[in-house]
Participant: 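Supplied in C-alpha cells, the structure appears directly below.
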Amino acid sequence: MATSPVAEASQQLWDETLGRLLNLSSATIQRNADLENRLAELEVELAVWKQAHATAIEGADREAKALKGRLASLNSQVASMETFMSQSLLVLCVIDGDACIFNDLLLRQGHEGGRQAAQQLTRAVADYLTSEDVHVLGRLSFWVTIYFNKAILASVLERHKLCSPEQLDAFIMGFSQSSPRFVLVDVGYGKDATFTKITEYLQTYLRFPQTQRIFFAGGQENTYAPTIAALQNDGLLGKVAFLEACRASPNYAQKHRLPILTVDTLFINQRLSPPLRTPPPLNMNGLSPTLTSGGLPTPHSPHSMSASATGRLVDPTLPLHKHSPPPCNEFYLMSCTKGGACKYSHDYILTPDQLATLAANAKKAPCNFLKNGLQCPYGERCCWGHVCPNGPKCFHLSKGKCWFKGESMHDVSPHLSP
C-alpha cells in the first residue's frame, strides 16, 4: 500500500525530533555526570578545609594556653622580683679580732676612736663597691661582725703599751654604738673558738641569696686556708673579698685570687707576740662568751653553769618545753634571727646534758625549709629534723598526718641527717 507524502513527512519529522531528544538527553546525562563529579570534588575540598580549620583552631587553643602559662610564670617572677627588691640585700664584713688589731691611735681614743674606726671601714667598703661597679636591685644593708677573745686581747694590748683595758672597753662601745648592725662578739676561752665561729659564719651566710658580698679579715697567717679551700670546692668564693689588715695577704688570698680591700691606718701593721691564739692560764670561772651589741645573727656559744654568769636556771623538775617561755632551740643550737622579737627565751643557763636534750627534742620537729620543698641552707648543721624519727614505716604518714611532709623526709638514706 502506498504511503502518502504527508505520512512520510510526519514520520521524518518524528525521527528528527526523536534524534534531537536522544542527543539532548545524552548531553544532559553527561553534564549531570560532570556536575556530580565536580560536586564530589568540592565536597572533598570542603572536608580538607574543615580539617585544616579544626587543626588551626586546636593549635591556636594550645598556643593560647601556653601563652597564658608563660604569662602566669612571668607574673610570678615579677612578683618574686618585687618581693626580692623590697628586701635589704646584705653586704657583710667578718673580722678575726684576735689576728686583726685596730690601729693603736684609734684604740687610745676610746669611744671616739671606735666610732672613727667604724666610719673608716664603712667608707672603705662603700668606695670599694662603687669602684667595683656593683649593680644590685633593692637596698643594701651593711653588717660588721668581729669575733675576738677580749681578755687575751686586753692583756696583749696592755703589755705592748698600745692601750689600756679601759680604753679598749670604750673603743668597743664606740664601735658597736656607731650602728645597730655592728656587732662585737667575745668568744671567750676555747681552742680555735674564733676560727670555728668565723668558719661557720662564712659557710652559712655565703649560701644566702640575699648576700651580695662578704669582706673577710683573717690576718696574715694561713689559719683559714682549709676554710677557703672548702668554700672554693663549694663554688662560694665568688662573693668573698679579702680585707687586708697588715698590707700583707696570706697565701690563700693570692692562691684563690681573692679581691683585696686595703684600709690604710685602720689596723696596725705588725704582729704582736706572743700570738693571740695562745691563751694565758684560764681564770675566768667558766664565763660564757658575751655579745657586746645586738645585730646580725651569729652562731651562739651555749652558756656555762657559772655562779657569776647572768641568766636564769631551768627548773629541773620540769621538761624544757614546759618552761614559760621554753628555751629557744635556734638560739642555743644554731642561731636565732628573731632577736628581741623571739617568743622563746634566750636567757636560760643550760648544762651540757640539757643542751643534748634540747638538741634531741629539736630533731623531732621538721625543718621548715625541707617541709616546704626548699633546700636547707644549714645542711647537717641544722638543729631541726630532716628525717622523720619514725622512718618510712611512720604510722602518721599512712594517715596523711605526719609533720614531716617534705620530699624524702621519710627516707633513711645515710646522706640525710637524723
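Fair warning: this is a prediction, and the values are worked out from it, not measured in the lab. Position 1 is the first residue of the sequence; numbering continues from there.
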Participant: Would Arg207 and Asp234 pass as an ion pair if we require N to O under 4.0 Å?
Facilitator: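 Asp234 and Arg207: salt-bridged.
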
Participant: Looking only at side chains, do Trp143 and Ser141 share a donor and an acceptor under 3.5 Å apart?
Facilitator: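 There is such a pair (donor and acceptor under 3.5 Å, judged by atom type) between the side chains of Trp143 and Ser141.
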
Participant: Might you point out which heavy atoms bring Lys239 and Leu206 nearest each other, and give the distance in Å?
Facilitator: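 So the minimum-distance heavy-atom pair works out to NZ-O, 3.4 Å.
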
Participant: Nearest 0.5 Å, please: how far is CD1 in Ile228 from CG in Asn233?
Facilitator: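 The distance works out to 11.5 Å.
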
Participant: Holding to salt bridge (Lys or Arg N to Asp or Glu O under 4.0 Å), I want the full list of residues that pass it with Arg123, two or more places apart in sequence or in another chain.
Facilitator: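 With sequence neighbours excluded, Arg123 shows a salt bridge (Lys or Arg N to Asp or Glu O under 4.0 Å) to no residue whatsoever.
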
Participant: Using only atom types and a distance under 3.5 Å, with no angle test, would you say the side chain of Arg108 pairs donor to acceptor with the backbone of Leu162?
Facilitator: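 Yes, the answer is positive, given that a donor and an acceptor are paired below the 3.5 Å cut-off.
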
Participant: Are the side chain of Asp98 and the backbone of Asn149 linked by a donor-acceptor contact shorter than 3.5 Å?
Facilitator: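 Here the side-chain-to-backbone pair exists.
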
Participant: Under 4.0 Å between a side-chain nitrogen and a carboxylate oxygen: does that hold for Lys150 and Asp169?
Facilitator: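 Result for this pair is yes, salt bridge flagged.
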
Participant: Supply the atom-to-atom distance Leu121 CG to Ile95 CD1, rounded to the nearest 0.5 angstrom.
Facilitator: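 Reported to 0.5 Å precision, the distance equals 5.5 Å.
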
Participant: First locate atom CG of Leu313, then atom CG of Asp347, and finally report the distance between them rounded to the nearest 0.5 Å.
Facilitator: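 CG of Asp347 is found 12.0 Å from CG of Leu313.
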
Participant: Ignoring hydrogens and angles, tell me if any N or O in the side chain of Glu158 forms a donor-acceptor pair with the backbone of Ser155 under 3.5 Å.
Facilitator: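 Judged by distance alone, no pair lies under 3.5 Å.
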
Participant: Decide if the gap between the ring center of Phe102 and the ring center of Phe175 is smaller than 6.0 angstrom.
Facilitator: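 For Phe102 and Phe175, the ring centres are under 6.0 Å apart.
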
Participant: Mind checking whether His111 and Phe171 have ring centres under 6.0 Å apart?
Facilitator: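 Between His111 and Phe171, the centre distance exceeds or equals 6.0 Å.
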
Participant: Spell out, as yes or no, whether a donor-acceptor pair under 3.5 Å connects the side chain of Tyr332 to the backbone of Tyr348.
Facilitator: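 Looks like yes, one N/O pair under 3.5 Å.
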
Participant: What side-chain donor-acceptor pairs closer than 3.5 Å can you find for residues 32-50, not counting sequence neighbours?
Facilitator:
{"unit_1": "Asn32", "atom_1": "ND2", "unit_2": "Thr28", "atom_2": "O", "d": "3.3"}
{"unit_1": "Asp34", "atom_1": "OD1", "unit_2": "Gln30", "atom_2": "NE2", "d": "3.2"}
{"unit_1": "Asn37", "atom_1": "ND2", "unit_2": "Ala33", "atom_2": "O", "d": "3.3"}
{"unit_1": "Arg38", "atom_1": "NH1", "unit_2": "Glu41", "atom_2": "OE1", "d": "3.3"}

Participant: For the residue pair Tyr128 and Phe215, is the inter-centroid distance of their aromatic rings smaller than 6.0 Å?
Facilitator: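 Under 6.0 Å, so yes.
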
Participant: Of all the heavy-atom pairs spanning Cys367 and His386, show the shortest one and how long it is.
Facilitator: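 It is CB-CD2, 3.5 Å.
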
Participant: My understanding is that only one of Thr145, Val144, Ile214, Ile146 makes a side-chain contact (heavy atoms from CB on, under 4.5 Å) with Cys93; could you say which?
Facilitator: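 Running side-chain contact (heavy atoms from CB on, under 4.5 Å) over Thr145, Val144, Ile214, Ile146 with Cys93 returns exactly one hit, Val144.
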
Participant: Which pairs count as salt bridge (charged side-chain N to carboxylate O under 4.0 Å, His left out) when at least one residue sits in residues 61-77, sequence neighbours excluded?
Facilitator: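 Matches after skipping sequence neighbours: Glu58-Arg62.
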
Participant: When you check the side-chain N and O atoms of Asp315 and Thr317, is any donor under 3.5 Å from an acceptor?
Facilitator: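 Their side chains do contain a donor-acceptor pair, which is all the 3.5 Å distance test asks for.
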
Participant: Counting N and O atoms only, with roles assigned by atom type, does the side chain of Asn103 sit under 3.5 Å from a partner on the main chain of Thr265, one being a donor and the other an acceptor?
Facilitator: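 It does hold such a pair.
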
Participant: Which pair of non-hydrogen atoms, one from Pro327 and one from Tyr344, has the smallest distance, and what is that distance?
Facilitator: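 In terms of heavy atoms, the two residues are closest at C-CB, 4.2 Å.
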
Participant: Of all the heavy-atom pairs spanning Gln354 and Leu320, show the shortest one and how long it is.
Facilitator: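 Smallest heavy-atom distance, with atoms named: O-CD1, 3.5 Å.
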
Participant: To the nearest 0.5 Å, what is the distance between SG on Cys382 and CG on Leu333?
Facilitator: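 Those atoms lie 10.0 Å apart.
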
Participant: Quickly, which of Tyr224, Tyr201, Tyr147, Tyr205 forms a ring-ring contact (aromatic ring centres under 6.0 Å, His included) with Phe216? Name it, please.
Facilitator: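 Among Tyr224, Tyr201, Tyr147, Tyr205, the one that satisfies the ring-ring contact (aromatic ring centres under 6.0 Å, His included) with Phe216 is Tyr224.
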
Participant: Hey, does the side chain of Gln120 reach the backbone of Ala117 with a donor-acceptor pair shorter than 3.5 angstrom?
Facilitator: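 A pair under 3.5 Å: no.
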
Participant: Using every non-hydrogen atom in the two residues, find where Gln177 and Arg115 come nearest and quote the distance to one decimal.
Facilitator: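 Shortest heavy-atom separation between Gln177 and Arg115 comes out as O-NH1, 4.1 Å.
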
Participant: Between Thr211 (side chain) and Arg213 (backbone), is there a donor-acceptor pair under 3.5 Å?
Facilitator: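 No, Thr211 side chain to Arg213 backbone: no donor-acceptor pair under 3.5 Å.
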
Participant: Minimum heavy-atom separation for Leu370 and Cys376, please, with both atom names.
Facilitator: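 In terms of heavy atoms, the two residues are closest at CD2-N, 4.1 Å.
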
Participant: Look only at the side chain of Thr199 and the backbone of Thr196, and say whether a donor-acceptor pair between them is shorter than 3.5 Å.
Facilitator: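 Not confirmed, Thr199 side chain does not pair with Thr196 backbone.
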
